[in-house]
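Both ligands and their constituent atoms are indexed starting at 1 by order of listing.
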Amino acid sequence: MRFYNTLSKRIEQFESIEKKSVKMYTCGPTVYHYAHIGNLRTYIMEDILEKTLEYIGYKVIRVMNITDVGHLSSDADTGEDKMVKGAKRENKAVLDIARYYTDKFKEDCDRLNIKWPSVVVNATSMIDDYIKFIEHLIDTNYAYLSGGNVYFDTSKLENYYKLTNHSEDSLLEAVRDDVSTDDNKKNKTDFVLWFTKSKFDDQELKWDSPWGLGYPGWHIECSVIALKYLGEYLDIHCGGVDNIFPHHTNEIAQTESYVGHKWCNYWFHPEHLNTQTGKMSKSSGEFLTLSLLIEKGYSPLVYRLFCLQSHYQKQLVFAYDILDATKNTYDKLIKRINSIKDDDSVLDKEIIDVYQTRFREALENNLNTSNALTVLYDLLKSDVNNNTKIYLIKDFDQVLGLNLITNKVIDNELEKYILKQIDLRYEAKKNKNYALADKIRNDLLDQGIVLKDTREGTTFDLVK
Ligand code: AMP
Ligand code: ZN
C-alpha cells in the first residue's frame, strides 16, 4: 500500500508499526455548526483509507476527537471560541449545540456510509489529562506561563516546520486572518496550551487548573486523546489540508516534546472541496450541507460517488451540473447491477482473483479511487458469469461503500413486483397467516425495500 505522506512529502510504501494492525487518528469536527460537504469529503476519503487498509488485511483502530471547546475563530489563537459564537448565534448553551451538531454529524456519516470510529472522544471530557500533559511540558521547559496563559515554546525545537513545505512568513500570513498579535508570546509561532486570559471573557466553559480558571487551547485535545487511546507511537494521522499548519504542526511539536521521540509515521491530508467562487467554510456561514443536497433530490451516495471519481490530492470544485451527471451515472450503475440476476452459475475463482488484484492495485496506488471504479465498470461490461459478478461487486463495495447491491432503482417492473408483494402480504394477514406476511416483509427487506404500514395503507421505500 502506497500513499502520499505529508511528512516525507512523497508517496511512500506504508509499513505499520505492529504487523497487520494500524493505529489511526482523525481530527474530528468542531461542532458549532453543521458539517459542510467539504468537511464530509475529507471524512469520506479517510473512510476509504481505513476500508482499503482493512480490505488488504489490516485491523484498523481509529480514534477521533469532537472539538467542543478551545477552537478559536482564528487558527492563530486569537479571536473568540467558535463554540461560544455558535451558542450565541442560536441562543443556546455550548454543550447543547455540541450535542446537537455531533448527532447531526453522525447522521451525515451514517448516510454516507462513513464508518464511525471505534473511539470518539469529546475534547471537554479530558481536562485532567490536559492539565497533567501541560504540567509535564512546563517541568521540562517546553512551556511557559505568560500573561495568565500557558504557551508552548516553539524555539525549543530543532525543526518546528517539519510537516510543512512553506516558509515561516507565508505560513504566518495564512493564519493571521485577524492580524492581531499576542504580546505574551516569546516567539511568533508559540501557541496556547491553556487560556486563563483572552480578549473574549465570556467563555462559557471553564475549569480549575494550577494556572487559574480557564480552558484548553485547541491543539492539545488531539495530542492527549491520541496518546491515551493509541499510545506513544501512531501509524497514521489524518485531517484536511488546512490542518497541516498550524494544527498538526503544533500537535507534533507538543507530542514529540512530551514523549521524547518521533510520534507519527504517516500524515494523510485530503485536499479541499471548493465552490466555484472559492473556499467553502463553516465560519463564513456560506456552505452546502448534505441535508440540502438530499432536499434537492440527491442521494447521499451520489455525493460519495462524486468524491470517489476524483483523486483525494486534487482540489475538487463543487458544481450542480457535475453532481447531476454523477446522479445519472449512479442510477445507471445501480440499474445495471439490479439487472444481474442470481442464477446457478458457479463462482469463477480465477476471475475473482484477477479482478480483486486489479481493484486492490488501484487502491494501493495512492488510493486511486477513480481507477478502482473503472475496474468495477470493466467487470460490468465483461462476460463474467452472474454469480461471480455479484460476488465481486459485493466485495468491492466493502471499500466503495455505494450500496451497489442493496440499492434499487425503482423502474416500472420493480414497482409492479413490490405492489404485488404488498398485495400478497395483505391477503396473508387477512387470512391470519402472519408467518407468511412476515416472510414477505423480510424478503423485501433483504432486497433493500422497506414496507411502512400507515393509516392510508402500506407504502414502500428503499434503504438509502
Ligand atoms: P472543522 O470542523 O472545521 O474542524 O473541520 C473538520 C474537517 O474538515 C477537518 O479535517 C478539516 O481539515 C476539513 N475541512 C475543512 N474545510 C474543508 C473543505 N473546504 N474541504 C475539505 N475538507 C475540509
Ligand atoms: Zn486535531
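At a threshold of 2.8 Å, the Zn ion (ligand 2) has no backbone or side-chain N, O or S atom of His248 nearer than that distance.
Of all atoms in ligand 1, listed by their number and element, those nearer than 4.0 Å to a heavy atom of Pro29 are 2 (O). Close approach of ligand 1 to Met280 is summarised as follows: ligand atoms under 4.0 Å from at least one heavy atom of the residue are 19 (N). Annotation for ligand 1: atoms under 4.0 Å from non-hydrogen atoms of His36 are 16 (N), 17 (C), 18 (C), 19 (N).
The shortest contact between atom 4 (O) of ligand 1 and any protein heavy atom is with Thr30 OG1, 2.9 Å. Protein heavy atom in closest approach to atom 2 (O) of ligand 1: Lys282 NZ, 2.7 Å. The protein non-hydrogen atom at the shortest distance from atom 6 (C) of ligand 1 is Tyr43 OH, 3.3 Å. Scanning all protein heavy atoms for the shortest distance to atom 10 (O) of ligand 1 gives Gly240 N, 3.0 Å. With respect to atom 15 (C) of ligand 1, the closest heavy atom belonging to the protein is Asn39 ND2, 3.2 Å. For atom 21 (C) of ligand 1, the nearest non-hydrogen atom of the protein is Gly38 O, 2.8 Å. When only non-hydrogen protein atoms are considered, atom 9 (C) of ligand 1 lies nearest to Asn243 OD1, 3.6 Å.
In terms of N/O distances under 3.5 Å, ligand 1 is approached by Asp242. Between Cys27 and ligand 1, no N or O atom pair is found at a separation short of 3.5 Å. Close N/O approach between Gly239 and ligand 1 is not found [any backbone or side-chain N/O within under 3.5 Å]. Residue Leu273 has at least one nitrogen or oxygen atom sitting less than 3.5 Å from a nitrogen or oxygen atom of ligand 1, judged on distance alone. Ligand 1 has a nitrogen or oxygen under 3.5 angstrom from a nitrogen or oxygen of Thr42.
Residue contacts with ligand 1 do not include His269, since none of its heavy atoms lies under 4.0 Å from the ligand. Thr67 does not count as a contact of ligand 1, since none of its heavy atoms falls under 4.0 Å from the ligand. The shortest separation from a heavy atom of Arg41 to ligand 1 is not under 4.0 Å, leaving the residue out of contact.
A donor-acceptor contact closer than 3.5 angstrom is absent between the side chains of Tyr151 and Asn187. Side chains of Tyr330 and Asn407: a donor on one and an acceptor on the other come within 3.5 Å.
The minimum distance between the Zn ion (ligand 2) and any N, O or S atom of His247 involves atom NE2. Within Glu251, the N, O or S atom lying nearest to the Zn ion (ligand 2) carries the name OE2.
Ion pairing between Arg99 and Asp96 holds under the 4.0 Å rule for side-chain N and carboxylate O. In summary, Arg358 and Glu361 do not engage in a salt bridge, as defined by a charged side-chain N under 4.0 Å from a carboxylate O. Ionic pairing of Asp397 and Lys394 is not present here: no N-O contact between side-chain nitrogen and carboxylate oxygen is shorter than 4.0 angstrom. Using a 4.0 Å cut-off between charged side-chain N and carboxylate O, Lys381 and Asp378 make a salt bridge. Glu271 has no carboxylate O lying under 4.0 Å from a charged side-chain N of Lys314, or vice versa, which leaves the two without a salt bridge.
Between Phe318 and Tyr320, the ring planes lie perpendicular to each other; the angle is over 60°, past the 30° to 60° tilted range. Aromatic ring pairs are classed by plane angle as parallel below 30°, tilted from 30° to 60° and perpendicular above 60°; the pair Phe191 and Tyr160 is parallel. Between His219 and His247, the ring-plane angle classifies as tilted under the 30° and 60° cut-offs.
Between the His272 side chain and the Asn274 main chain, no donor and acceptor come within less than 3.5 Å of each other.
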| request: Please test Lys92 against Glu204 for salt bridge (charged side-chain N to carboxylate O under 4.0 Å, His left out), starting from the C-alpha separation and ending with a verdict. | output: CA-CA 11 Å; Lys92 293 199 178 110; Glu204 211 176 289; over 6 Å; no
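Residue contacts with ligand 1, taken as heavy atom pairs separated by less than 4.0 Å, involve His272 via backbone and side-chain atoms alike. Contacts between Lys279 and ligand 1 below 4.0 angstrom, taking non-hydrogen atoms only, are absent altogether.
Taking 4.5 Å as the limit, every side-chain heavy atom of Val119 sits out of range of all side-chain heavy atoms of Met64.
Paired with Lys106 under the rule salt bridge (Lys or Arg N to Asp or Glu O under 4.0 Å), one option of Asp108, Asp110, Asp103 passes, and it is Asp110.
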